[in-house]
Amino acid sequence: MRERLIGAWSLVDWTIAFSSGRTERRPFGDAPQGSLVYSDNGRMLAAISRAQRSLLSSPLPQQAPDVEKTAAFDSFFSYGGSYRLEGDEVVHMVDIALNPNFVGSEQRRRVQFDGEFLTLSAQEGTRLHALQWRRV
């Protein structure tokens, strides 16, 4: 599995299904953008954003109004660190993240390959996240 995982991937879709049967939801809209990279030396980096994000009114983010900075934070997700494989899962050991609460956590993702596609999924309580990636 390691050899198939290594490389660069582009996000196709991110859905959340609910065990209650409630309709799926797409947290970053119908056309999210994202990049995922696994290196051969055991490092990974993921970055995901909502398409067509609003620009800040200032060229310096620190000078933008708080409401704009909040919208920028809410429409982007990124983390990186090392990874290891355990059975059909990849475990990300997070050492850097946009959300500081992620740092120090382990993020487990079930791995499924289908041709040029990779699906990483994770159960979070009653929600199942599924992110589909296409090899770049």
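We count residues from 1, following the sequence as given.
In this structure the side chain of V94 reaches within 4.5 angstrom of the side chain of Q107, judged on heavy atoms. Side-chain contact between V37 and V136: absent, with no pair of heavy atoms (C-beta onward) separated by less than 4.5 Å. By the 4.5 Å heavy-atom criterion applied to side chains, L131 and L11 are counted as neighbours. Proximity of M1 to F113: side-chain heavy atoms (C-beta onward) are separated by under 4.5 Å at one or more points.
Applying the side chain to side chain donor-acceptor pair (under 3.5 Å) rule to S57 yields the partners E68; only residues at least two apart in sequence or on another chain are considered. By the side chain to side chain donor-acceptor pair (under 3.5 Å) test, S121 pairs with no residue at all, sequence neighbours left out. D66 is linked by a salt bridge (Lys or Arg N to Asp or Glu O under 4.0 Å) to K69, counting only residues two or more places apart in sequence or in another chain. Take R4 and apply the salt bridge (Lys or Arg N to Asp or Glu O under 4.0 Å) test, not counting sequence neighbours, and it matches no residue. With sequence neighbours excluded, the residues that form a salt bridge (Lys or Arg N to Asp or Glu O under 4.0 Å) with R127 are E124. In terms of the side chain to side chain donor-acceptor pair (under 3.5 Å) criterion, residue partners of N41 (sequence neighbours excluded) are, by chain and number, S39. The ring-ring contact (aromatic ring centres under 6.0 Å, His included) test applied to Y79 returns F77, H92, F102, not counting sequence neighbours.
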(request) Check the pair L45, Y38 against side-chain contact (heavy atoms from CB on, under 4.5 Å), reporting the backbone distance first and the verdict last. (result) CA-CA 7 Å; L45 182 62; Y38 288 101; over 6 Å; no

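Counting Ile, Leu, Val, Met, Phe, Trp and Tyr side chains that sit under 4.5 Å apart, directly or through other members, L98 shares a hydrophobic cluster with F73, F76. Clustering of Ile, Leu, Val, Met, Phe, Trp and Tyr side chains at separations under 4.5 Å places V91 together with M93. Alongside V12, the hydrophobic cluster contains F117 (criterion: ILVMFWY side chains under 4.5 Å).
Hydrophobic clustering, with ILVMFWY side chains joined whenever heavy atoms are under 4.5 angstrom apart, groups V111 together with L36.
Screening residues 5-17 for side-chain hydrogen bond (donor to acceptor under 3.5 Å, both in side chains), with sequence neighbours left out, gives D13-R26, W14-H129. Residue pairs meeting the salt bridge (charged side-chain N to carboxylate O under 4.0 Å, His left out) criterion with at least one member in residues 83-103, sequence neighbours excluded: R43-D95, R84-E86, R84-E106, E86-R108, D88-R110, E89-R108.
Surrounding CD1 of I96 are at most 12 heavy atoms belonging to other residues, nucleotides or ligands under 6.0 Å away.
The line from OG of S105 to CG of N99 is 8.5 Å long, rounded to the nearest 0.5 Å. Taking CD of Q112 as the reference point, atom CG of L118 lies at 9.0 Å (rounded to 0.5 Å). Separation of atoms CZ (R109) and CG (L5) is listed at 12.5 Å; rounding is to 0.5 Å. To the nearest 0.5 Å, atoms CZ (R134) and CD (E116) are separated by 5.0 Å.
In this structure, S78 contributes its side chain and A46 its backbone to a donor-acceptor pair below 3.5 Å.
Taking both residues in full, the closest heavy atoms of R25 and P27 are given as O-CD, 3.6 Å, listed atom of the first, atom of the second, then distance. Closest of all the heavy-atom pairs between V103 and A97 is CG2-N, 3.9 Å.
Side chains of Q52 and R50: no donor on one and acceptor on the other come within 3.5 Å.
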